[in-house]
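The model shown is predicted, which means the values in this text are computed figures rather than measured ones.
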Amino acid sequence: MTTDASATDDRPFGTTDPASAAEEGTPFLRQDDDASGSTELARELRRVRGLVAGSRFDDVHDAVTTVCELADHLEAVGTMVRPSDYATWGVPEHLASNPAIGSRNPVSPPLEPVVLPDATVRADLRLGIEYQGPPGCVHGGIVALVFDEMLGLANAAAKSVGMTADLRVIYRSPTPLYAPLRFEARQDRVEGRKIWASATVYSGETLCARAEALFIEPRGISEAQRDRPIEG
Ligand SMILES: CC(C)(COP(=O)(O)OP(=O)(O)OC[C@H]1O[C@@H](n2cnc3c(N)ncnc32)[C@H](O)[C@@H]1OP(=O)(O)O)[C@@H](O)C(=O)NCCC(=O)NCCSC(=O)Cc1ccccc1
């Protein structure tokens with residue numbers, strides 16, 4: 001494990017470490033910037049999210065007006081997406097709206113995973129105060145969210161698709177805010193429609209949590225969907 005928990009840099013929290021991603025692994029299910037500017041918009045909103053959750057202000061009523069105007073504008077110029085637009089697995093836009101990895105979802109950290117030659121999926125990231133649970137620690141539900149997504153990605157890397165049926169998270173040591181974290185997930189075995197996968201998150205040499213999960217392949221999944229398992 002090479003992640004240094006004490007390292008800091010100037011990148012916004014909630015972004016991956018490009019140096020470590022480039023060193024090992026192939027970018028996996030990365031989402032390019034949307035030509036409409038939606039990805040950039042989400043990026044700026046992510047900044048706003050971090051600032052609102054993690055700052056004290058004397059008076060931000062002017063910002064409330066600005067944001068209200070922005071919301072009104074987006075409501076006027078956008079076309080609402082319906083869940084039925086994503087009726088099938090494998091629609092790239094589907095991934096973009098995902099709360100754990102979606103490039104167009106300001107809620108997502110986002111994860112920028114790489115896949116290793118043995119099909120392990122890895123994501124290095126840091127999480128800021130907007131993900132805080134106990135003081136100085138990442139909220140346990142956020143750890144579970146990232147695990148669930150990483151496990152799904154490990155299934156995708158192994159060319160299978162599954163719904164989470166059972167997700168067990170074992171929290172071994174507090175997951176620190178702001179520190180570089182390394183999530184890794186892998187598919188362990190498949191029996192019929194049952195898929196087992198497991199994952200870990202480390203801060204430096206410290207195991208913060210691990211996950212064990214059972215996924216069930218939905219009935220009626222086609223070979224094409226299995227082969228092109230962009231999930232979300
Ligand atoms: C689809 C299924 C999981 C299973 O229903 P069916 O298709 O009718 O299957 P059936 O009941 O026939 O069972 C087949 C076999 O499996 C076994 N088994 C089943 N369950 C369990 C169990 N809990 N524990 C242990 N075993 C269990 C069962 O005994 C049987 O075994 P057998 O063959 O007799 O030896 C259904 O319960 C469901 O929809 N649940 C809600 C899922 C949901 O909403 N998850 C959250 C959303 S996904 C997400 O967010 C993450 C994500 C994001 C992005 C991308 C990817 C992932």
Side-chain angles (χ1 to χ4, degrees), residues 9-18 21 27-113 123-133 138-139 141-150 152-153 156 161 163-164 177-178 183 218 221-222 224-225 228-232:
D9 61 33
D10 295 334
R11 282 176 298 104
F13 296 118
T15 60
T16 58
D17 179 5
F28 186 55
L29 297 179
R30 292 284 176 88
Q31 302 149 61
D32 294 333
D33 274 20
D34 185 298
S36 71
S38 299
T39 312
E40 284 173 80
L41 178 61
R43 202 173 289 131
E44 292 308 315
L45 289 174
R46 221 170 263 129
R47 262 182 74 207
V48 170
R49 182 200 61 188
L51 289 165
V52 173
S55 311
R56 292 198 185 92
F57 302 101
D58 289 333
D59 182 357
V60 284
H61 287 97
D62 56 341
V64 175
T65 306
T66 305
V67 171
C68 211
E69 284 168 4
L70 172 66
D72 288 344
H73 170 69
L74 294 175
E75 214 165 56
V77 299
T79 309
M80 187 75 84
V81 175
R82 296 157 303 169
S84 58
D85 292 348
Y86 302 143
T88 179
W89 299 66
V91 179
E93 243 204 329
H94 181 201
L95 195 64
S97 60
N98 178 302
I101 195 176
S103 58
R104 282 178 19 200
N105 189 338
V107 167
S108 78
L111 294 177
E112 291 182 8
D124 290 331
L125 78 164
R126 296 180 300 151
L127 295 167
I129 199 161
E130 64 270 35
Y131 297 109
Q132 183 169 240
V138 178
H139 194 293
I142 297 296
V143 172
L145 169 73
V146 177
F147 270 146
D148 198 16
E149 189 59 39
M150 290 293 291
L153 292 171
V161 293
M163 297 276 282
T164 317
L177 287 186
Y178 302 126
F183 282 85
I221 283 284
S222 69
Q225 284 172 305
R228 208 166 65 102
I230 297 174
E231 47 66 71

Would you mind reporting whether [Y] and [X] have side-chain heavy atoms less than 4.5 Å apart?
| X | Y | answer |
| --- | --- | --- |
| L74 | L41 | yes |
| L125 | E112 | no |
| V48 | P106 | no |
| H139 | L127 | no |
| V60 | V52 | no |

Report summary line: Across all chains, not counting sequence neighbours, the side-chain hydrogen bond (donor to acceptor under 3.5 Å, both in side chains) partners of E44 are R47
Query raised in the report: D148: what forms a side-chain hydrogen bond (donor to acceptor under 3.5 Å, both in side chains) with it, not counting sequence neighbours?
Result: T164
Nearest heavy-atom pair of [X] and [Y]: which atoms, and what distance?
| X | Y | value |
| --- | --- | --- |
| L177 | I129 | CD1-CA, 3.8 Å |
| V143 | F183 | O-CE2, 4.3 Å |
| S108 | N98 | CB-O, 3.7 Å |
| N105 | R46 | O-NH2, 3.1 Å |
| L111 | A123 | CD2-CB, 4.0 Å |
| P99 | P109 | O-CD, 4.0 Å |

Requested in this report: Can you sort out the partners of T65 under side-chain contact (heavy atoms from CB on, under 4.5 Å), two or more places apart, ordered by chain and number?
Outcome: E69
Query raised in the report: Do other residues, nucleotides or ligands put more than 12 heavy atoms under 6.0 Å from D59 CG?
Result: yes
Query raised in the report: Just how far is it from atom CE of M150 to atom CD1 of I101, taken to the nearest 0.5 Å?
Result: 8.0 Å
Query raised in the report: Checking R49 side chain against V107 main chain: does a donor-acceptor pair fall under 3.5 Å?
Result: yes
Query raised in the report: Side chain of Q31, backbone of S103: donor and acceptor closer than 3.5 Å?
Result: yes
